[in-house]
Amino acid sequence: MKNIAFIINPISGTQQNAKRKLPKLIDKELDHSQWLPNIVFTEYAGHATELARQFAVMGFDAVVAVGGDGTVNEVAQGLRDTQTALAILPMGSGNGFARHMQIPMSLTRAIQLLNHSEPIRCDYGLANDKMFVTTCGTGFDALIADRFAGSSKRGLKTYIENVLKDLLTYKSQTYHIVGQDLDITHKAFLVTFANAAQWGNDAFIAPKASVQDGKMDICMMSSSALLGAPGLALRLFTKSIDNSLFMDTVKAKDVMLYREEEAPFHIDGDPVQMPKDIHIRIVEDGISVLVEKRF
């Protein structure tokens with residue numbers, strides 16, 4: 001019998017009613033001959049990290065992040081560099097990491113996946129020692145993350161509304177990125193550092209990114225991106241944005257990002273305060289993640 005904990009963020013995403021019914025669904029769909037479940041609800045920001053760390057110290061086999069990318073990030077912080085596996089029930093607005101790991105968006109199917117799952121070692125990233133599992137970045141997407149965090153409504157519609165509100169007035173910044181065999185100066189609309197392939201909602205900013213290659217994809221969208229906005233939007237959702245003339249992508253393990261001035265920065269879609277200069281690196285095989293078992 002293996003021990004598994006479900007950490008539920010009651011306020012993330014748009015499915016609060018479903019979360020209240022979730023304990024019954026877990027009881028129904030989870031294979032109790034394999035798993036002994038423990039279900040807890042978070043009470044404040046950072047609580048998921050504390051709980052996950054406690055479960056890891058107790059030797060739990062897996063801890064399930066129930067929520068969106070922010071909840072996944074918090075739980076992952078508590079599990080990094082341990083043998084306790086991260087699992088996900090996606091109930092957020094974008095669910096970028098869950099989608100990358102091919103976790104079903106259906107709660108029933110996501111719980112059932114736990115019954116035939118296996119752990120794999122994956123990379124995570126650090127931006128000035130703040131952990132990210134999916135993406136971090138600066139520029140227009142970070143500005144929208146900041147706007148989205150302050151919105152009273154969640155979901156894709158709200159995200160698009162914020163994009164349209166600031167799209168025509170946003171001013172690009174010049175960035176300097178330095179790493180081993182890498183020295184780039186780029187005036188960019190946005191710069192994304194991708195451990196995983198997408199921001200969320202199947203918007204693939206780094207279609208070739210892998211969480212098991214020991215590197216991040218650094219995606220720099222040109223300051224002229226508005227000229228190709230309709231085509232770029234299509235490419236985002238067809239896994240082809242890396243082929244656009246408005247996008248440059250390089251791979252690296254460890255870089256310094258130098259910005260002209262302090263500006264919005266996001267980690268896994270949540271805005272954070274950062275200085276102008278940011279050290280961004282990948283920690284190889286730093287976290288265990290439960291995925292569908294490959295027979």
*Can you list the steps and then say if Q173 with E261 is a side chain to side chain contact (heavy atoms under 4.5 Å, CB included)?*
CA-CA 8 Å; Q173 186 178 149; E261 57 189 32; 3.9 Å; yes
*Are side-chain N/O atoms of N115 and D31 paired as donor and acceptor at under 3.5 Å?*
no
*asked:* Tell me whether N9 contacts the main-chain N or O of G67 through its side chain, where contact means a donor paired with an acceptor under 3.5 Å.
replied: no
*Strictly by modelled atom types, are H100 and N195 linked by a side-chain donor-acceptor pair under 3.5 Å?*
no
*Indicate the atoms forming the closest heavy-atom contact of I267 with F265, along with that distance.*
CG1-CE2, 4.0 Å
*Go through the steps to decide whether F189 and Y170 satisfy the test ring-ring contact (aromatic ring centres under 6.0 Å, His included), and finish with yes or no.*
CA-CA 8 Å; F189 186 67; Y170 180 75; 5.5 Å; yes
*H186 side, atom NE2; M221 side, atom CE - distance, nearest 0.5 Å*: 10.5 Å
_Qualifying side chain to side chain donor-acceptor pair (under 3.5 Å) pairs, either residue in residues 272-287, two or more places apart_ = D254-H279
*Compare every heavy atom of S224 with every heavy atom of F246, then report the nearest pair and how far apart it is.*
CE2-O, 3.3 Å
*Answer whether the closest heavy-atom distance between the side chains of I120 and Q212 falls below 4.5 Å.*
yes
*Electrostatic pair K208-D242, nearest N-O below 4.0 angstrom*: yes
*L36, CG atom: more than 12 neighbouring heavy atoms under 6.0 Å*: yes
*Hey, what do you get for CZ (R235) to NZ (K239), rounding to the nearest 0.5 Å?*
15.0 Å
*Is it true that the side chains of E29 and Q112 contain a donor and an acceptor less than 3.5 Å apart?*
yes
*Which distance, rounded to the nearest 0.5 Å, do you find between the CH2 of W199 and the CG of L236?*
5.5 Å
_Could you check, using the six-membered ring where one of them is a Trp, whether F204 and F237 have ring centers closer than 6.0 angstrom?_
no
*Do the side-chain N and O atoms of Y124 and N73 include a donor-acceptor pair separated by under 3.5 angstrom?*
no
*Do side-chain atoms of N95 reach the backbone of N201 as a donor and acceptor pair under 3.5 angstrom?*
no
*Do T192 and D141 meet the criterion of a side-chain donor-acceptor pair at a distance under 3.5 Å?*
yes
_For the CD1 atom of I282 and the SG atom of C122, what is their distance to the nearest 0.5 Å?_
11.5 Å
_Whether T249 side chain and C219 backbone form a donor-acceptor pair below 3.5 Å_ = no
*So, the side chain of N3 versus the backbone of A62: is there a donor-acceptor pair under 3.5 Å, distance only?*
no
_For the backbone of I241 and the side chain of S244, can you confirm whether one donor and one acceptor N or O come within less than 3.5 Å of each other?_
no
_Side chain T138, main chain P264, donor-acceptor under 3.5 Å_ = yes
_K2 atom NZ, over 12 foreign heavy atoms within 6.0 Å_ = yes
*Minimum heavy-atom distance I287-D123, with the two atoms named*: CG2-O, 4.2 Å
*Is it possible for you to say whether V64 and I7 belong to one hydrophobic cluster, with membership spreading through side-chain heavy-atom contacts below 4.5 Å?*
no
*Considering non-hydrogen atoms only, spot the tightest contact between A203 and Q198 and give its length.*
O-CB, 3.1 Å
*Using the rule that two of Ile, Leu, Val, Met, Phe, Trp, Tyr join whenever any of their side-chain heavy atoms come within less than 4.5 Å, decide whether F55 and V133 are in one cluster.*
yes
*asked:* Looking at every heavy atom in both F132 and D268, which two are closest together, and how far apart are they?
replied: CA-OD2, 3.5 Å
*asked:* Would you say CZ of R109 has more than 12 non-hydrogen atoms from neighbouring residues, nucleotides or ligands within 6.0 angstrom?
replied: no
*asked:* To the nearest 0.5 Å, what is the distance between CD1 on I88 and CG on L290?
replied: 9.5 Å
Which pairs would a plain distance check flag for residues 46-53, meaning a side-chain donor or acceptor within less than 3.5 Å of a matching protein atom at least two apart in sequence or in another chain?
residue : atom : partner : partner atom : Å
H47     : ND1  : E43     : N            : 3.0
T49     : OG1  : E74     : O            : 2.7
E50     : OE1  : Y44     : OH           : 2.8

_Exceeds 12 heavy-atom contacts within 6.0 angstrom, atom NZ of K251_ = yes
_Side-chain donor or acceptor of E292 paired with backbone N/O of S117 under 3.5 Å_ = no
*Have T108 and S106 got a donor and an acceptor in their side chains that come within less than 3.5 Å?*
no
*Please round to the nearest 0.5 Å and tell me the distance separating atom NZ of K187 and atom NZ of K171.*
9.0 Å
*Which heavy atom in P275 sits nearest to a heavy atom in R259, and how many Å separate them?*
O-NH2, 2.7 Å
